[in-house]
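The basis for the numbers below is simple: all heavy atoms, side chains too, and nothing from hydrogens, waters or symmetry mates. As the structure lists them, so they are numbered: ligands from 1, and atoms in each ligand from 1.
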Amino acid sequence: MSKVSLSKDKIKILLLEGVHQSAVETLKRNGYSNIEYLKTSLPESELIERIKHVHFVGIRSRTHLSEAVLNAAEKLVAVGCFCIGTNQVNLEAAKRLGIAVFNAPFSNTRSVAELVLGEILLLLRGIPKRNAMAHRGQWFKSAIGSFEARGKTLGIIGYGHIGTQLGIMAENIGMKVEFYDIEDKLTLGNAQQVQNLTQLLQRADVISLHVPETPQTKNLIGMAEIEVMKQGAILINASRGTVVDIDALAEALQHEKLAGAAIDVFPVEPKSNDEEFTSPLREFDNVILTPHVGGSTQEAQENIGIEVAGKLTKYSDNGSTVTAVNFPEVSLPELSNRSRLLHVHENRPGVLTQINQAFAQHGINIAAQYLQTDDCIGYVVIDVDSDHSEVALKELSAVEGTIRARILH
Ligand SMILES: NC(=O)C1=CN([C@@H]2O[C@H](COP(=O)(O)OP(=O)(O)OC[C@H]3O[C@@H](n4cnc5c(N)ncnc54)[C@H](O)[C@@H]3O)[C@@H](O)[C@H]2O)C=CC1
Ligand SMILES: O=C(O)CCC(=O)C(=O)O
């Protein structure tokens with residue numbers, strides 16, 4: 001399958017899930033006006049229909065880009081995840097199809113860390129329960145089950161962008177910070193890395209999860225893990241819904257093993273704000289339930305809009321794949337007075353030789369060539385004189401193993 005570069009007004013962009021207007025503004029500022037903007041995600045069958053004619057799609061966490069959807073997306077060049085998590089996209093299928101996927105790895109991390117810090121303070125004081133009772137007209141003025149954060153141990157699971165910021169903020173209010181991560185991490189402040197999860201669970205007054213969704217993090221916290229936590233500990237999950245076994249958590253709350261919890265993400269989340277939220281946790285006053293809003297602040301969404309739209313624009317305009325999550329990363333200078341060919345191919349021996357031989361046969365001079373590969377695909381970018389560009393594209397598209405080829409003038 002190959003593609004010829006289009007004029008910008010023909011490049012069709014579909015933005016879903018109400019991504020911030022800053023994304024639309026960024027795209028428009030860069031000359032992209034053919035934008036369809038929807039406030040919601042779409043069910044798979046509708047998405048399959050809509051995505052057929054789209055060159056770029058922007059999503060958040062609710063849109064599932066399954067293999068079936070990607071297979072239908074004949075024209076799709078890239079996906080922008082206007083969030084951190086990319087588990088909603090079949091990244092391997094996208095890669096095989098030559099579709100680059102970008103995200104915003106930092107822009108909402110501060111927002112998540114701030115929300116979690118607030119939840120720690122509220123849960124340690126037993127506020128969610130007192131609040132719920134007061135709404136029902138009950139007056140529960142008591143220091144029972146109400147504690148300062150100072151001196152308590154916060155156990156962070158996953159010490160990445162969010163975990164580290166949370167650790168620093170928690171230390172600033174006098175908490176002791178320990179963390180567990182599968183990687184050896186540079187510890188910030190006075191935080192301490194512990195060697196295994198059980199150790200962390202046994203020592204912490206509050207456990208907060210900040211890991212990605214992976215096969216290894218599925219039900220990372222289940223019945224057995226909750227069992228080893230301190231009596232009366234608190235559990236916070238603002239990472240992904242698959243990380244905590246919700247039934248096990250509900251049981252632990254029922255038996256008062258845990259004093260409270262804050263859960264922002266769920267194994268199954270409503271597809272829109274009109275759908276009912278169902279969960280066994282709804283019955284517990286001592287659980288803060290939030291509708292996956294850890295990263296939903298004006299500041300974060302605005303920054304994400306600019307960041308991800310900027311990455312899509314750059315990939316469309318000059319071929320740069322820097323920070324793509326499923327693609328070999330190629331950093332490219334601006335294109336001036338030449339044409340640029342972008343070629344995604346299966347990573348097998350001889351592809352580059354074929355390209356160079358074909359170009360030599362047609363007397364096409366290569367002004368610059370950039371190549372990066374991973375175990376599955378190769379991405380080569382070739383700058384040529386514009387006079388030769390159409391022949392070069394034809395030759396490139398005929399190379400065995402070609403997944404996609406496009407041209408920029
Ligand atoms: N609730 C919300 O609205 C939001 C949720 N998130 C979620 O938070 C997650 C974490 O975000 P960041 O801190 O930015 O990611 P990050 O990639 O910077 O950090 C993740 C850390 O988890 C560690 N890790 C991975 N697997 C692990 C395992 N099995 N056990 C222990 N540690 C493990 C990694 O080594 C890394 O240090 C994201 O993947 C996303 O799913 C992110 C933003 C908003
Ligand atoms: O804002 C969203 O829709 C999802 C936020 C999130 O979970 C992420 O950035 O990974």
Side-chain angles (χ1 to χ4, degrees), residues 15-20 23 39-41 58-64 80-89 91 101-116 118-119 155-168 178-188 191 193-201 207-222 225 236-244 262-267 269-273 288-305 307-308 323 325:
L15 297 178
L16 297 168
E17 298 189 59
V19 301
H20 197 274
K39 283 209 146 75
T40 60
S41 61
I59 61 169
R60 288 173 63 180
S61 56
R62 286 203 291 234
T63 303
H64 288 272
C81 296
F82 286 74
C83 53
I84 293 182
T86 52
N87 53 290
Q88 69 280 39
V89 181
L91 294 176
V101 180
F102 297 91
N103 70 340
F106 319 110
S107 295
N108 62 13
T109 56
R110 168 75 188 202
S111 302
V112 180
E114 282 189 12
L115 176 66
V116 171
E119 290 173 338
I156 297 173
I157 305 177
Y159 195 63
H161 294 123
I162 297 172
T164 47
Q165 291 182 78
L166 174 63
I168 291 292
E178 300 191 357
F179 68 89
Y180 168 72
D181 198 293
I182 44 168
E183 303 294 342
D184 285 335
K185 291 284 180 164
L186 169 70
T187 55
L188 302 184
Q193 182 159 13
V194 301
Q195 286 320 307
N196 61 66
L197 182 57
T198 306
Q199 211 181 331
L200 189 79
L201 294 171
I207 287 287
S208 192
L209 288 150
H210 300 289
V211 291
E213 178 179 288
T214 65
Q216 292 73 39
T217 61
K218 191 171 166 58
N219 287 337
L220 188 66
I221 301 297
E225 289 71 26
I236 299 181
N237 183 19
S239 62
R240 279 295 176 262
T242 50
V243 177
V244 172
I263 306 293
D264 186 46
V265 285
F266 303 87
E269 295 178 3
K271 297 244 172 317
S272 79
N273 287 353
I288 300 175
L289 294 172
T290 45
H292 200 151
V293 288
S296 295
T297 61
Q298 290 303 311
E299 293 88 343
Q301 294 309 312
E302 182 173 356
N303 290 337
I304 289 173
E307 184 180 345
V308 180
T323 77
V325 295

Practice problem: Check ligand 2 against Gly85 and write out every atom of the ligand that is under 4.0 Å from a heavy-atom position of the residue. | Solution: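 With Gly85 as reference, the close atoms of ligand 2 come out as 8 (C), 9 (O), 10 (O).
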
Interfacing atoms of ligand 2 (cut-off 4.0 Å, heavy-atom, Arg240) =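 In order of number, 6 (C), 7 (O), 8 (C), 10 (O).
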
What do we get for Asn108 next to ligand 2 when only non-hydrogen atoms under 4.0 Å count, side chain, backbone, both or neither?
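The answer is the side chain.
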
| said: Walk me through whether Glu299 and Ser111 qualify under side chain to side chain donor-acceptor pair (under 3.5 Å). | reply: CA-CA 8 Å; Glu299 293 88 343; Ser111 302; 5.7 Å; no

Do [X] and [Y] have a side chain donor and acceptor closer than 3.5 Å?
{"X": "Thr86", "Y": "Asn103", "result": "no"}
{"X": "His292", "Y": "Glu269", "result": "yes"}
{"X": "Ser107", "Y": "Glu307", "result": "yes"}
{"X": "Thr242", "Y": "Glu213", "result": "yes"}

Nearest non-hydrogen contact with atom 7 (O) of ligand 2 belongs to which option: His20, Arg60, His292?
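When every heavy atom of His20, Arg60, His292 is considered, His292 comes closest to atom 7 (O) of ligand 2.
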
For atom CG of Asp184, is the number of surrounding heavy atoms from other residues, nucleotides or ligands below 6.0 Å larger than 12?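 Open.
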
(message) Taking distance alone, with N or O pairs closer than 3.5 Å, would you say Cys83 contacts ligand 2?
(response)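 It does not: no N or O of Cys83 is found under 3.5 Å from an N or O of ligand 2.
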
If I apply the N/O under 3.5 Å rule, does Phe82 come out as touching ligand 2?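 So ligand 2 has no N or O lying under 3.5 Å from an N or O of Phe82.
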
Exercise answer, ligand 1 polar atom pairs (N/O) under 3.5 angstrom:
| residue | atom | partner | partner atom | Å |
| --- | --- | --- | --- | --- |
| ligand 1 | 1 (N) | Ala238 | O | 3.1 |
| ligand 1 | 1 (N) | Asp264 | OD2 | 2.9 |
| ligand 1 | 3 (O) | Gly294 | N | 3.4 |
| ligand 1 | 3 (O) | Gly295 | N | 3.0 |
| ligand 1 | 13 (O) | His161 | N | 3.3 |
| ligand 1 | 13 (O) | Ile162 | N | 2.9 |
| ligand 1 | 18 (O) | His161 | N | 2.9 |
| ligand 1 | 18 (O) | His161 | ND1 | 2.9 |
| ligand 1 | 35 (O) | Asp181 | OD1 | 2.6 |
| ligand 1 | 37 (O) | Asp181 | OD2 | 2.6 |
| ligand 1 | 37 (O) | Lys185 | NZ | 2.9 |
| ligand 1 | 41 (O) | Arg240 | NH1 | 3.4 |

Sub-3.5 Å donor-acceptor pair from the side chain of Glu225 to the main-chain atoms of Thr198, do we have one?
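Side chain of Glu225 to backbone of Thr198: no pair is present.
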
message: Starting from atom 4 (C) of ligand 2, what is the nearest protein heavy atom, named by residue and atom, and what distance separates them?
response: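 It is Ser61 OG, 3.4 Å.
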
Tell me the protein heavy atom at minimum distance from atom 8 (C) of ligand 2, and give that distance in Å.
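Sorting protein heavy atoms by distance from atom 8 (C) of ligand 2 puts Ile84 N, 3.2 Å first.
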
Look up atom OG1 in Thr63 and atom NZ in Lys271, then write down how far apart they are to the nearest 0.5 Å.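 The OG1 atom of Thr63 sits 9.0 Å away from the NZ atom of Lys271.
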
Parallel, tilted or perpendicular: ring planes of His161 versus Phe106, cut at 30 and 60 degrees: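 Because their plane-to-plane angle is over 60°, the rings of His161 and Phe106 count as perpendicular.
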
Going through the checks in order, is the side chain to side chain donor-acceptor pair (under 3.5 Å) test met by Thr109 and Gln165? CA-CA 8 Å; Thr109 56; Gln165 291 182 78; 2.8 Å; yes

